[in-house]
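What you see below is based on every heavy atom in this structure, not just the backbone, and it leaves out hydrogens, waters and symmetry mates. Whatever order the structure lists them in is the order used to number ligands and atoms, beginning at 1.
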Amino acid sequence: MEELLHKDFLEKDDLVRLLSLQGDDMKRLLARALEVKLKYLDNKVHLRGLIEYSNICRKYCLYCGVRSLNDKVHRYVLTDEEVLDCAQQAMDLHYGSIAIQSGERSDKAFTDKITELVRAIKKLSDGKLGITLSLGEQSEEVYREWFEAGAHRYLLRIEASNEELYYRIHPHDERHDFQQRLSCIDTLLKLGYQTGTGVMIGLPFQTVEDLADDLLFFRRKNVAMVGMGPFIPHQETPLYAYADQIPSAQDRMNMTLKMIAVLRLMMPEINMVAATADQTLDPMGREKAIMAGANVIMPNLTPNSHREDYLIYPDKACVGDKPEECSSCLDIRMRAIQHEILYDAWGDSLAFTKSH
Ligand code: SF4
């Protein structure tokens with residue numbers, strides 16, 4: 001066990017073994033991942049103030065509560081003023097970075113609007129706010145335009161790196177194309193974005209081998225950041241039909257922690273998100289993820305009046321919290337686990353800055 005935890009290069013068999021650990025052995029894995037994080041990085045937690053720009057989406061992923069075919073959702077787009085207010089709030093709260101997330105649209109009105117907003121946020125903050133985008137699959141031209149406007153990080157989760165599993169959680173049609181998703185990730189890497197990806201953990205039909213392959217996928221792509229969290233079934237989606245076939249909430253949470261910990265051993269210098277979904281399954285979920293090797297938190301800045309409309313999964317944590325409450329709550333929560341929030345900084349991935 002100790003030999004495995006200190007191995008320089010983990011192979012697939014090693015990953016399957018580590019992801020299968022239980023009880024005290026699992027605790028030892030999480031403790032080792034924390035040691036590695038503190039050795040290669042530090043005890044700082046980076047913030048990305050999250051702005052959920054719109055829940056209008058052209059896709060209908062089988063797990064997603066805001067899929068276009070769910071007509072029970074009230075659709076919204078934030079106004080320019082609301083977005084800029086969120087950015088100002090990020091400045092006032094000393095978050096060094098924001099992340100703009102949205103349902104996927106590729107029409108020109110949308111892509112131009114994002115360019116305009118990225119430029120306006122850069123201007124408003126005098127270049128001080130780092131900008132991460134998470135706006136799905138786009139053409140190379142659009143990705144380039146947003147990069148040139150000032151966005152420097154992009155998160156595009158693969159959700160499942162096994163093509164067969166991908167098509168069990170997405171429709172198999174021209175709007176949901178696995179190869180297209182892979183090619184977008186490659187384009188983002190090529191353009192010089194700090195590129196992040198990630199997966200859901202505890203999906204129906206998913207095996208521990210699939211999860212080991214997901215970890216190998218992150219390493220192969222040499223991504224700068226990873227965001228992964230437990231699958232939480234949403235009642236208004238087709239995948240809900242399999243809700244009784246997935247691991248228990250506790251097991252999904254434990255597997256998420258093991259995935260974070262093993263990835264920290266494999267890629268010690270990347271940024272890794274402690275997802276809000278962790279806290280939805282377990283009130284201490286985000287703290288546990290930080291203690292297992294994650295180093296990024298995404299406090300929500302979306303106006304409270306729209307948060308209920310952006311529920312990719314149900315019962316999302318902190319939906320009712322005001323941004324300033326969220327900020328002081330996080331500060332206290334991180335101090336309680338001997339971590340410290342890094343304010344007024346972009347919090348770039350060390351893995352990326354060292355290689356560029
Ligand atoms: S997961 Fe994203 S792309 Fe898929 S339906 Fe939901 S918002 Fe749209």
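With atom 4 (Fe) of ligand 1 as the reference point, the heavy atom nearest to it among Ser134, Cys61, Ser102 is part of Cys61.
The ligand atoms of ligand 1 that sit less than 4.0 angstrom from a heavy atom of Lys59 are 3 (S), 5 (S). Atoms of ligand 1 found under 4.0 Å from any heavy atom of Tyr63 (numbered from 1 in listed order, with element): 1 (S).
Below 30°, between 30° and 60°, or above 60°: for Trp346 and His152 the angle between ring planes is between 30° and 60°, a tilted geometry. Between His170 and His176, the angle of the ring planes lies from 30° to 60°, which puts this pair in the tilted group.
The only member of Met291, Lys288, Arg286 that meets side-chain contact (heavy atoms from CB on, under 4.5 Å) when paired with Ile337 is Met291.
Closest protein heavy atom to atom 7 (S) of ligand 1: Val66 CG2, 3.7 Å. For atom 8 (Fe) of ligand 1, the nearest protein heavy atom (residue, atom name, distance) is Cys57 SG, 2.2 Å. The protein atom (non-hydrogen) at minimum distance from atom 6 (Fe) of ligand 1 is Cys64 SG, 2.3 Å.
A salt bridge links Arg105 to Asp107: one of the charged nitrogens lies within less than 4.0 Å of a carboxylate oxygen. Under a 4.0 Å N-O distance rule, the pair Arg28/Glu35 qualifies as a salt bridge. For Lys113 and Glu116, the salt-bridge test passes: some basic side-chain N is under 4.0 Å from an acidic carboxylate O.
The nearest protein heavy atom to atom 2 (Fe) of ligand 1 is not closer than 4.0 Å.
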